[in-house]
A.B. asks: 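Provided herewith is a single structure, encoded as structure tokens, for subsequent inquiry.
The chains referred to below are lettered A, B, ... by the order of the sequence lines, with proteins before strands, and numbering in each begins at 1.
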Amino acid sequence: MRVRFAPSPTGHLHIGGARTALFNWLLARRHGGTYILRIEDTDQERSRREYEVEILRSLRWMGLDWDEGPEVGGSSGPYRQMERLDHYGPYIERLLAEGKAYRCTCSAERVEEGRQQLVAQGLKPMYDRRCRDLALGPDCGEHVVRLRAPLEGTTDFSDHVRGLVQTANAELDDLVIRRSSGLPVYNFVVVIDDIEMGVSLVVRGEDHVNNTPKQVLIYQALGAPVPEFAHAPLILGPDGSRLSKRHGATSVRSYEEDGYLAEALVNYLCRLGWSHGDQEVFSLGELVQAFALSGITKAGGRWDVDKLRWLNQTWMKRVDPADLAERARPFFVAAGAPPEALDERLVPAVLTVRERAWTLVELAAAGRFYFLPDEALAWDEAAVAKHLVPAAVPLLEGLLGVLEGVSDWSVEALEEAVKAWVEAEGHKLGKIAQPVRVSLTGQATGPGLFEMLAAIGRPTALRRIAAGRDRARG
RNA sequence: GCUCCCAUCGUCUAGCGGUCCAGGACGUCGGCCUCUCACGCCGAAAACACGGGUUCGAUUCCCGUUGGGAGUACCA
């Protein structure tokens with residue numbers, strides 16, 4: 001099996017494209033096939049090399065590597081269409097020689113006029129085929145080359161998601177395969193590349209179903225075997241319309257920057273439009289084992305950030321804590337934590353806040369108090385007014401005494417010492433916990449008392465509780 | 001406009017003629033747990049778009065309506 005992902009470097013990697021890339025990759029890995037990455041950069045107006053770099057970066061971030069393509073090479077390269085331009089001409093000449101294509105000198109304006117007339121008659125806009133039987137030669141002046149499409153019959157293809165898709169040939173235009181500039185056109189180029197690269201299965205978005213019969217016609221004209229197809233439904237915005245910027249972030253990069261884990265995005269992307277029984281959480285490895293075209297849904301799916309957020313938290317709780325801490329590090333810095341403060345306390349600190357956050361941004365916001373300079377803490381005035389009151393002074397004072405006597409600064413030892421004191425003094429843990437929490441964090445909500453004390457470290461804990469006691473005096 | 005595709009809880013989905021007064025998940029609501037918040041656990045509300053057929057029997061098959069999506073370029 002040879003599959004490919006063929007993005008245009010005209011922007012960031014879109015989540016729709018990312019899912020297509022994922023589906024192809026999963027299939028290749030599952031069946032021991034080859035995953036090819038091809039850059040479709042023939043749109044000279046919009047293609048930019050920096051976008052290509054960006055797309056490769058996002059693919060790698062998701063954990064999708066490729067067997068053939070830019071930066072890794074392969075036996076059927078080159079893998080950028082602009083570097084393959086000399087491959088296309090001979091096929092066009094052949095079709096011309098065999099009478100399966102013809103030169104057309106009609107101006108774009110005239111063709112457009114004809115289309116408008118047809119639309120006015122309630123018909124499908126098409127070229128009127130004026131040049132089809134003129135047998136124009138190479139010296140006919142400025143011209144395009146069109147495919148001589150059959151006028152009758154149907155062109156069918158079998159789709160792994162949709163079943164048999166039939167199109168009446170009367171619906172198919174004599175499409176341009178070479179522009180007047182000499183550059184071949186997308187629908188033609190894809191077919192040639194897929195033939196030359198030996199692509200056996202084409203998995204792409206539903207927006208290409210209407211292109212498929214046109215491409216099948218080209219395969220047939222060339223006498224090449226037609227690959228298998230699978231068209232996945234599109235990703236829609238929450239309102240059911242085509243996903244666009246106005247719905248929020250649409251690039252893989254922006255989700256990375258917003259603090260989503262690659263594991264969660266991959267998991268969500270795959271489950272949107274595909275299912276495997278009742279299972280919701282999948283690692284990339286599990287997906288390789290479970291993924292199959294037969295599980296792909298036909299209807300388009302709406303993008304649901306809430307579910308993505310849930311999966312992201314799920315994955316923050318699943319990945320290795322040390323790994324999570326490293327991935328969270330830049331987010332802590334962005335949240336104001338001095339880089340040098342992110343010491344060995346980072347892992348335990350992250351462990352205390354990961355179930356209280358849904359993204360790495362929120363994780364850092366929830367845990368930055370551990371590392372911020374005391375004077376930079378964000379104080380919730382209502383919490384201060386409620387908990388750092390004179391009545392709390394003796395409690396904080398007493399607790400300070402207990403903590404000063406604790407040498408083994410572990411969750412267990414701290415809990416044991418504090419609970420013993422609470423019991424002996426007849427206090428209630430609930431009475432002491434909030435003043436301490438506000439002293440340490442500035443906020444009324446946060447991690448559990450003992451895990452927080454342990455993670456913040458002895459010096460900071462004692463210093464902030466003392467400061468809290470002073471503040472409570474009024 | 002025309003062509004193609006699609007249609008189960010608010011959302012993602014299971015269901016491939018009777019096992020469905022429709023299952024799971026997110027979200028929502030309630031409860032439990034509890035030093036706060038959160039996590040976790042328990043529970044609740046919530047759907048087969050509509051109309052015709054086919055069949056002993058339709059969520060499941062066929063047709064139509066409605067709704068949504070895609071395409072309709074010398075863009076990809």
Side-chain angles (χ1 to χ4, degrees), chain A residues 6-8 10 40-47 81 104 106-108 111-112 115 118-127 143-146 159 161-162 165-168 170-173 175-187 189-190 205-214 231 233-234 236 238 240-242 268 271-281 295 297-311 313 317 353-358 366 383 387 418 422 428-438 441 443-450 452:
Chain A
S8 298
T10 54
E40 309 212 322
D41 54 356
T42 54
D43 183 342
Q44 290 294 278
E45 297 285 301
R46 299 185 299 151
S47 293
Q81 290 181 329
C104 166
C106 296
S107 69
V111 172
E112 183 53 31
R115 284 207 182 87
L118 289 170
V119 171
Q121 292 170 50
L123 298 172
K124 185 170 185 167
M126 292 211 288
Y127 168 57
H143 65 276
V144 298
V145 174
R146 289 179 181 275
D159 188 286
V161 176
R162 275 142 235 286
V165 179
Q166 294 185 292
T167 308
E171 297 295 330
L172 268 16
D173 213 344
L175 74 163
V176 171
I177 58 179
R178 188 173 73 193
R179 302 176 171 96
S180 50
S181 67
L183 275 183
V185 124
Y186 167 77
N187 274 122
V189 169
V190 208
E206 194 186 352
D207 48 340
H208 286 285
V209 280
N210 293 294
N211 281 330
T212 308
K214 301 177 193 172
H231 289 92
L234 263 25
L236 310 173
S241 67
R242 182 168 195 156
Y268 180 68
R271 265 294 278 110
L272 182 60
W274 174 83
S275 65
H276 183 68
D278 284 341
Q279 190 172 347
E280 295 287 350
V281 182
T297 331
K298 291 182 181 178
R302 301 182 192 214
W303 188 255
D304 180 7
V305 186
D306 282 331
K307 189 152 186 181
L308 208 210
R309 283 170 57 77
W310 170 75
L311 273 171
Q313 182 182 66
K317 291 188 291 191
V353 289
R354 63 178 178 172
E355 66 228 18
R356 294 175 169 80
W358 288 264
H387 300 294
V418 173
V422 164
K428 277 204 162 159
L429 189 58
K431 280 283 178 194
I432 187 71
Q434 283 304 77
V436 175
R437 179 167 289 111
V438 176
T441 71
Q443 306 289 311
T445 63
L449 188 59
F450 307 110
M452 178 166 63

A.B. asks: What pairs with A/R146 under side chain to side chain contact (heavy atoms under 4.5 Å, CB included), at least two apart in sequence or on another chain?
C.D. replies: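 Testing A/R146 for side chain to side chain contact (heavy atoms under 4.5 Å, CB included), a comparison that skips the adjacent residues, returns A/Y102, A/C104, A/V111, A/Y127, A/V144, A/D174, A/V176.
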A.B. asks: Under the rule for salt bridge (charged side-chain N to carboxylate O under 4.0 Å, His left out), what residues qualify as partners of A/R309, not counting sequence neighbours?
C.D. replies: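 A/E362.
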A.B. asks: Can you tell me how far P in B/C62 sits from the matching atom in B/U28, rounded to whole Å?
C.D. replies: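 My reading of the P atoms in B/C62 and B/U28 gives 38 Å.
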A.B. asks: For the side chain of A/E280 and the base of B/G24, is some donor closer than 3.5 Å to an acceptor across the two?
C.D. replies: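 Side chain to base: pair present.
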A.B. asks: Between B/C2 and B/C56, how far is it from one C1' atom to the other, in whole Å?
C.D. replies: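 Roughly 43 Å separates the two C1' atoms.
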A.B. asks: Does B/C50 have a Watson-Crick or wobble partner in any strand here, with both distances under 3.5 angstrom, and which is it?
C.D. replies: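 In the structure as shown, B/C50 has B/G64 as its Watson-Crick or wobble partner.
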A.B. asks: Taking only residues two or more places apart in sequence or in another chain, which ones pass side chain to side chain donor-acceptor pair (under 3.5 Å) with A/Q279?
C.D. replies: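 For A/Q279 there are no side chain to side chain donor-acceptor pair (under 3.5 Å) partners, ignoring immediate neighbours.
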A.B. asks: With respect to the phosphate group of B/C12, does any side-chain polar atom (N or O) of A/K307 fall under 4.0 Å of OP1 or OP2?
C.D. replies: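 Indeed not, no polar side-chain atom of A/K307 lies that close.
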A.B. asks: For nucleotides B/C9 and B/C21, find the distance between their C1' atoms and express it as a whole number of Å.
C.D. replies: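 Roughly 15 Å separates the two C1' atoms.
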A.B. asks: Between A/N187 and A/I177, is there a side-chain heavy-atom distance shorter than 4.5 Å?
C.D. replies: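 Side-chain contact under 4.5 Å: no.
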A.B. asks: Provide, to the nearest angstrom, the distance between the OH atom belonging to A/Y268 and the C1' atom belonging to B/U13.
C.D. replies: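 That distance rounds to 11 Å.
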A.B. asks: Between B/A49 and B/U66, how far apart are the two C1' atoms, rounded to whole Å?
C.D. replies: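 Per the computed distance, 8 Å lies between those C1' atoms.
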A.B. asks: Can you tell me the Watson-Crick or wobble partner of B/C4, both distances under 3.5 angstrom?
C.D. replies: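 WC or wobble partner is B/G69.
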A.B. asks: Answer yes or no: does a side-chain N or O of A/T10 lie under 4.0 Å from OP1 or OP2 of B/A76?
C.D. replies: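 Indeed not, no polar side-chain atom of A/T10 lies that close.
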A.B. asks: So what does A/S47 hit on the nucleic acid, given a heavy-atom distance under 4.0 Å: a base, only sugar-phosphate, or nothing?
C.D. replies: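 Result for A/S47 = nothing.
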A.B. asks: With a 4.5 Å cut-off on side-chain heavy atoms, are A/E280 and A/K307 touching?
C.D. replies: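 They are in side-chain contact.
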A.B. asks: Tell me the interatomic distance from A/D159, atom CG, to B/C5, atom P, rounded to whole angstroms.
C.D. replies: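 Computing the A/D159:CG to B/C5:P distance gives 11 Å.
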A.B. asks: Considering just the side-chain nitrogens and oxygens of A/S275, establish if one lies under 4.0 Å of OP1 or OP2 belonging to B/A14.
C.D. replies: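 It does, given that an N or O in the side chain of A/S275 lies less than 4.0 Å from OP1 or OP2 of B/A14.
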A.B. asks: For nucleotides 28-49 of chain B, read 5' to 3', which letter fits each nucleotide if B means a protein heavy atom sits under 4.0 Å from the base, S means only the sugar-phosphate is that close, and - means neither?
C.D. replies: -------BBBBSS---------
A.B. asks: Taking only the side-chain heavy atoms of A/R302 (C-beta and beyond), determine which of B/G24, B/U11, B/A76 contains the nearest atom.
C.D. replies: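 Among B/G24, B/U11, B/A76, the one nearest the side chain of A/R302 is B/U11.
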A.B. asks: Which residue, A/W274 or A/V119, contacts RNA chain B at a nucleotide closer to its 5' end, judged by nearest heavy atom?
C.D. replies: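 Upstream on the strand: A/V119.
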A.B. asks: Whole-Å distance between B/G23 P and A/H276 NE2?
C.D. replies: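 About 21 Å, once rounded to whole Å.
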A.B. asks: Could you please name the partner base of B/A25, counting Watson-Crick and G-U wobble pairs only when both distances are under 3.5 Å?
C.D. replies: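 Matched B/A25 with B/U11 under the 3.5 Å cut-off.
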A.B. asks: How does protein reach along nucleotides 65-74 of chain B, written 5' to 3' as B (base within reach of a heavy atom under 4.0 Å), S (only sugar-phosphate), or - (no contact)?
C.D. replies: ---SSBSSSB
A.B. asks: For A/T167 and for A/Q279, locate the closest nucleotide of RNA chain B by heavy-atom distance; then report the residue assigned to the nucleotide nearer the 5' terminus.
C.D. replies: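 This one resolves to A/T167.
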A.B. asks: My understanding is that only residues two or more places apart in sequence, or in another chain, count here; which of them pass side chain to side chain contact (heavy atoms under 4.5 Å, CB included) with A/E206?
C.D. replies: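 Result, side chain to side chain contact (heavy atoms under 4.5 Å, CB included) vs A/E206: A/R162, A/V209, A/P233, A/L234.
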A.B. asks: How would you list, by chain and number, every residue that makes a side chain to side chain donor-acceptor pair (under 3.5 Å) with A/D43, sequence neighbours excluded?
C.D. replies: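 Side chain to side chain donor-acceptor pair (under 3.5 Å) list for A/D43, sorted by chain: A/R46.
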A.B. asks: Taking atom C1' in both B/G68 and B/C26, compute the distance separating them and give it to the nearest angstrom.
C.D. replies: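 Nearest-Å result for B/G68 against B/C26 at atom C1': 22 Å.
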A.B. asks: Taking only residues two or more places apart in sequence or in another chain, which ones pass ring-ring contact (aromatic ring centres under 6.0 Å, His included) with A/W303?
C.D. replies: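 Partners of A/W303 by the ring-ring contact (aromatic ring centres under 6.0 Å, His included) criterion, ordered by chain and then number, come out as A/Y255, A/Y268.
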A.B. asks: Take the protein atom CG of A/L311 and the nucleotide atom P of B/U11, then report the distance between them rounded to whole Å.
C.D. replies: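 From A/L311 CG to B/U11 P: 18 Å.
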A.B. asks: In the strands shown, is B/C41 matched to any nucleotide by a Watson-Crick or G-U wobble pair with both distances under 3.5 Å, and which?
C.D. replies: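 WC or wobble partner is B/G31.
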A.B. asks: Using a 4.0 Å heavy-atom cut-off, does A/R162 contact any base of the nucleic acid, only the sugar-phosphate backbone, or nothing at all?
C.D. replies: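 Answer is sugar-phosphate: A/R162 comes under 4.0 Å of backbone atoms only.
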A.B. asks: I need the minimum non-hydrogen distance between A/T42 and A/S47, along with the two atoms involved.
C.D. replies: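 For A/T42 versus A/S47, the nearest heavy atoms are N-OG, 4.5 Å.
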A.B. asks: Given the C1' atoms of B/G18 and B/G52, what is the spacing between them in whole Å?
C.D. replies: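 Result for the C1' pair: 22 Å, nearest Å.
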A.B. asks: Between B/U13 and B/G31, how far is it from one C1' atom to the other, in whole Å?
C.D. replies: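 Each nucleotide's C1' atom is 28 Å from the other's.
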A.B. asks: Among B/A76, B/G10, B/G23, which is the nearest nucleotide to the side chain of A/D278?
C.D. replies: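 Closest of the options to the side chain of A/D278: B/G23.
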A.B. asks: I'd like to check A/T167 versus A/K214 (side-chain heavy atoms, cut-off strictly below 4.5 Å). Are they in contact?
C.D. replies: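 No. Closest side-chain heavy atoms not under 4.5 Å.
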A.B. asks: If the condition is salt bridge (charged side-chain N to carboxylate O under 4.0 Å, His left out), which residues does A/K124 pass it with, not counting sequence neighbours?
C.D. replies: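 In terms of salt bridge (charged side-chain N to carboxylate O under 4.0 Å, His left out), with neighbours along the sequence ignored, A/K124 is linked to A/E171.
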A.B. asks: Send over the distance from A/D43 CG to B/A76 P, rounded to a whole Å.
C.D. replies: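 After rounding, the gap between these two atoms is 6 Å.
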A.B. asks: Taking the C1' atom in each of B/C20 and B/A14, what is the distance between them to the nearest angstrom?
C.D. replies: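 Result for the C1' pair: 12 Å, nearest Å.
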